[in-house]
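These notes concern the structure reproduced below.
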Protein chains: 2
Amino acid sequence: MRAVILAAGEGSRIRSHFKEPKPLINLLGLSLLERSILTLRECGIIDFVIVTGYAEKEIMASLGDGSKYKVHITYLHNPEWRKGNGTSAAAFQKISLPQEKFILTMADHVYNLETVKAFVQAAASISHEEILLAADKRLDKVWDLPEATKIQSEGQKAIKLGKTLSVYNAVDCGLFVGTEALLQALAEAANRQQYNLTDAVNILAEEGKVKLFSVAADWVDADDLASLRQAEKILLKSALPGKDGLISRTINRKFSLPATKVLSRTAITPNQVTLISFLAALAAAACFALQQPLLGGLLAQISSIIDGIDGEIARLKFLKSNYGSLFDAILDRYADFFIIIGMAWSWFAKAGSLAVLFVSAAALTGMPMSMLLKEKYHSLTGKVYLPWQDDGLLELLPANRDGRLFIIMLGGVLNLIPATLVILAVVTHLQAVGRLIKLRKLL
Amino acid sequence: MRAVILAAGEGSRIRSHFKEPKPLINLLGLSLLERSILTLRECGIIDFVIVTGYAEKEIMASLGDGSKYKVHITYLHNPEWRKGNGTSAAAFQKISLPQEKFILTMADHVYNLETVKAFVQAAASISHEEILLAADKRLDKVWDLPEATKIQSEGQKAIKLGKTLSVYNAVDCGLFVGTEALLQALAEAANRQQYNLTDAVNILAEEGKVKLFSVAADWVDADDLASLRQAEKILLKSALPGKDGLISRTINRKFSLPATKVLSRTAITPNQVTLISFLAALAAAACFALQQPLLGGLLAQISSIIDGIDGEIARLKFLKSNYGSLFDAILDRYADFFIIIGMAWSWFAKAGSLAVLFVSAAALTGMPMSMLLKEKYHSLTGKVYLPWQDDGLLELLPANRDGRLFIIMLGGVLNLIPATLVILAVVTHLQAVGRLIKLRKLL
């Protein structure tokens, strides 16, 4: 399936604030247009048609033929773009194929990736006589409702669309699965001197041919400064992973997200961030070894926070990779090991007893058990082990990485190294044994 | 697809050696008939038709309705079984459905599971006019060639079959995909007073309707004592996993397979064996701690050998389970940890220095790295990490479990604890870092 992205407009409401044309405005490290392309690429689309009007040359210079995004881009220039976005959509008619279904979207709309994935999959559900339109029925959640195109709908079909409808129960999200029917309606609307996409959609709606796809996550039409800020918020929220522990959720993300917001605009890669997190952990280990537990504890927590940033940047900038995930997982294990060894060293220097050896060994062996069990579970079942879902009461043990590093931080700050090592040993092994018992029933 | 298993014959060549009828002879913990059923169940077949003749009651009493194997068994009695196995195959005609394809096999034939899986999948490749016959073209590998039914073939089609053919290039393995064509040919042969399955197959072969499926692994028609022993050999060989390390291959399996041969006949479960292997490792750890390195080293190697038996029994008796695999993986990690801690303790008792702490910590942290990397690789890619295929030169490091426990055995026997811990630390971490670098290109 091809995707047609309308990037012809002038963006008059924000033009004065930016030197670049609206589709090229940078949002957390990617231009709006790049983000549209990369979002759709994650949904399996690799052929793009970009309809240009205003600032055609800048757009073409910025994106090129798409090879740097591993997609193929065809440009279509629409000299009539000032008349309305319907003329831009209609431009695709020149190169459309018989019975072609295509995704149609706007360069300045920002969506959650999961929403777009589900929408693209739903394309198969419509006939060549119909179109599919993403619609948000959560009216209280729609950003800038007055500016939105409203929809009066019945069931999953649109009856009427318009900016000024008085009766409506949904909002047009600007994301379509187009068919020949849409291109015909666009031509018909143009014959009536109506040049907005909504005009054509209204023709189809009258005939009951506009199916709606309900959007359940936030999105935004980024056409002014406030909505651009809202888009940033939505994107940062969607950069969170689905499996955060308590400390991650309540503490770490409060620091990592603002850092990601800044760092995403730089060229730093997720793997570089992983390495910095590892170096912070090494520094923590050294501080413990050098009898600086306060600094050691704080550095451990900082490493834990930075450990969240690599994934956030990777998701935000479409830089996720299997190697990145492996690199992060293995460096995390080494970071854990070094911190424990640093603590053990500091304790041993004060009391060189057999107890140090046993307790440190117990803590060291406990550290990788959480990952071992989760990964083995994943490779056996193909399913991700989600602590907040699968752990039950075991979730109360602070034995996942965010919890462990938090304990280390507290231990350092309070200068209670032996107790910290004992606690780590107990919680990690309790979790391992608990999961082993629990999975006996689940597997 | 249903499977029809012919279990009507008397087994006259071995009847005097066993009190049970031939299909119920126990081979490594399962009767021949159970093994046929469980092998086909692994290929997705759950509906079985068993054609009985001799010893009908014993067979029905032994298998019941199949629910204990999670399959459904229908019994068909063939009063004419003495005439020939064609009458038993023809008995299925009574309950066969229009255009039904079915697997037809003999209760006393033993096959490799992978062979049967591939054969069952190939069933889709024949039409309702044809039949598919598993044939072994590796004449030098066929067990008891004089007794086998030979095939003269051209390409993948049989021309003529018979025990006494002078010109032949394949052997009938007794495994068929049957169709209505086969049932018709059986009726036609019976009209000619020919009552062997081969007679019916010959009718179809003349018409070019017998397609051959080439078998590439050993199998056996177990109809005398020597062939039963051969069947055991084949089964034990197929109980080996595909990913053995050097020490496993060259040393451990020499001991574990004979043990499995004995243990498979008992009721011991794979998880119980896993536990015994773990207890042997705990005993090894205790011996090291109590300054008995020779015993410790030997027990470690014994634990390593026992660690192979659980999987062998599981594969041999169709007892593989996800939980068993997890239980084994996690107990192995704990076994490793305890052994290292035992060694560290013994060293510390003699020289309570910081070096003990560091070296033991390094060895302890290295032990789980091999599994961590392999499991993460698996969960990321869906592919199994095969050290002998993916490790390249890293395979030379004795850092997989069989190699690690062998080093521990040597260290104990030679009473070189500190050196052993240093070597373990070096090889395990070298392997981890090496794999991390290697996978950068592969992922």
Side-chain angles (χ1 to χ4, degrees), chain A residues 271 289 321-334 336-338 340-345 347-349 352-354 356-358 360-369 371-385 429 432-433 435-437 439-443, chain B residues 271 289 321-334 336-338 340-345 347-349 352-354 356-358 360-369 371-385 429 432-433 435-437 439-443:
Chain A
N271 282 351
S321 75
N322 279 346
Y323 186 74
S325 177
L326 178 79
F327 187 66
D328 183 42
I330 300 303
L331 254 61
D332 280 358
R333 298 295 80 69
Y334 275 105
D336 291 355
F337 292 155
F338 280 113
I340 299 293
I341 292 168
M343 295 179 101
W345 188 352
W347 183 13
F348 193 85
S353 72
L354 198 56
V356 185
L357 186 73
F358 284 152
S360 321
L364 271 181
T365 56
M367 296 304 263
M369 294 313 290
M371 171 174 166
L372 278 167
L373 270 146
K374 284 191 287 188
E375 292 303 326
K376 188 78 189 171
Y377 177 86
H378 190 167
S379 71
L380 286 170
T381 64
K383 290 185 286 188
V384 176
Y385 190 91
H429 290 293
V433 174
R435 282 184 178 169
L436 204 54
I437 292 167
L439 285 173
R440 182 156 196 185
K441 282 167 204 155
L442 288 181
L443 277 179
Chain B
N271 283 350
S321 76
N322 278 345
Y323 185 74
S325 177
L326 179 79
F327 187 66
D328 183 43
I330 300 304
L331 254 61
D332 280 357
R333 297 296 80 71
Y334 275 106
D336 291 355
F337 293 155
F338 280 113
I340 299 292
I341 292 168
M343 294 179 102
W345 187 354
W347 184 12
F348 192 85
S353 72
L354 198 56
V356 185
L357 187 73
F358 285 153
S360 322
L364 271 181
T365 56
M367 295 303 264
M369 295 312 291
M371 171 174 166
L372 279 168
L373 269 146
K374 283 191 287 188
E375 291 303 325
K376 188 79 188 172
Y377 177 86
H378 190 168
S379 73
L380 286 171
T381 64
K383 290 185 286 189
V384 176
Y385 189 91
H429 290 294
V433 174
R435 282 184 178 170
L436 204 55
I437 292 168
L439 286 173
R440 182 157 194 183
K441 282 168 203 155
L442 288 182
L443 277 179

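The sequence lines fix the lettering, A, B, ..., with proteins before strands; numbering per chain opens at 1. On a predicted model such as this, the values are computed, not experimentally measured, just so you know. Both backbone and side-chain heavy atoms feed into the values below; hydrogens, waters and symmetry mates do not.
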With side chain to side chain contact (heavy atoms under 4.5 Å, CB included) as the test, would you mind laying out the steps for His429(A) and Tyr334(B) before giving the verdict?
-> CA-CA 10 Å; His429(A) 290 293; Tyr334(B) 275 106; 2.7 Å; yes

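In this structure, Tyr377(A) contributes its side chain and Leu326(B) its backbone to no donor-acceptor pair below 3.5 Å.
For chain A, the nearby part of Arg333(B) is the side chain; its heavy atoms alone come within less than 4.5 Å. When heavy atoms are compared at a cutoff of 4.5 Å, Phe327(B) approaches chain A by way of both its backbone and its side chain. Contacts of Ala329(B) with chain A are made by side-chain atoms alone, with heavy-atom separations under 4.5 Å and no backbone atom involved. If you measure heavy-atom distances from Leu439(A) to chain B, the contacts under 4.5 Å come from both the backbone and the side chain. Of the two parts of Leu331(B), only the side chain, counted from C-beta on, holds a non-hydrogen atom closer than 4.5 Å to a non-hydrogen atom of chain A. If you measure heavy-atom distances from Ser321(B) to chain A, you find no contacts under 4.5 Å at all. Residue Ser360(A) touches chain B through its side chain alone, counting heavy-atom pairs closer than 4.5 Å. For Met369(B), the part sitting under 4.5 Å from any heavy atom of chain A is the side chain, from C-beta outward, and nothing else.
Note on Gly324(A), Ala344(A), Ser325(A), Ala349(A): by heavy-atom pairs under 4.5 Å with chain B, the leading option is Ser325(A). Interface remark: of the candidates Thr381(B), Ile340(B), Leu354(B), Leu354(B) forms the most heavy-atom pairs closer than 4.5 Å to chain A. Residue with the most contacts toward chain A among Val384(B), Leu364(B), Ile341(B), Leu357(B): Leu357(B) (heavy-atom pairs, distance under 4.5 Å).
Contact of the Leu436(A) side chain with the Tyr323(B) side chain is registered, since non-hydrogen atoms from C-beta on lie closer than 4.5 Å. A 4.5 Å side-chain heavy-atom check between Met371(A) and Lys376(B) finds at least one atom pair inside the cut-off.
A pairwise comparison of heavy atoms in Pro368(A) and Phe337(B) identifies CG-CZ, 4.5 Å as the closest pair.
Taking CG of Asn271(A) as the start and CZ of Arg440(B) as the end, the distance is 6.5 Å to the nearest 0.5 Å. Between the CG atom of Leu442(A) and the CG atom of Asn322(B) there is a distance of 11.5 Å, given to the nearest 0.5 Å.
Heavy-atom neighbours of Trp345(A) CH2 from other residues, nucleotides or ligands within 6.0 Å: at or below the threshold of 12.
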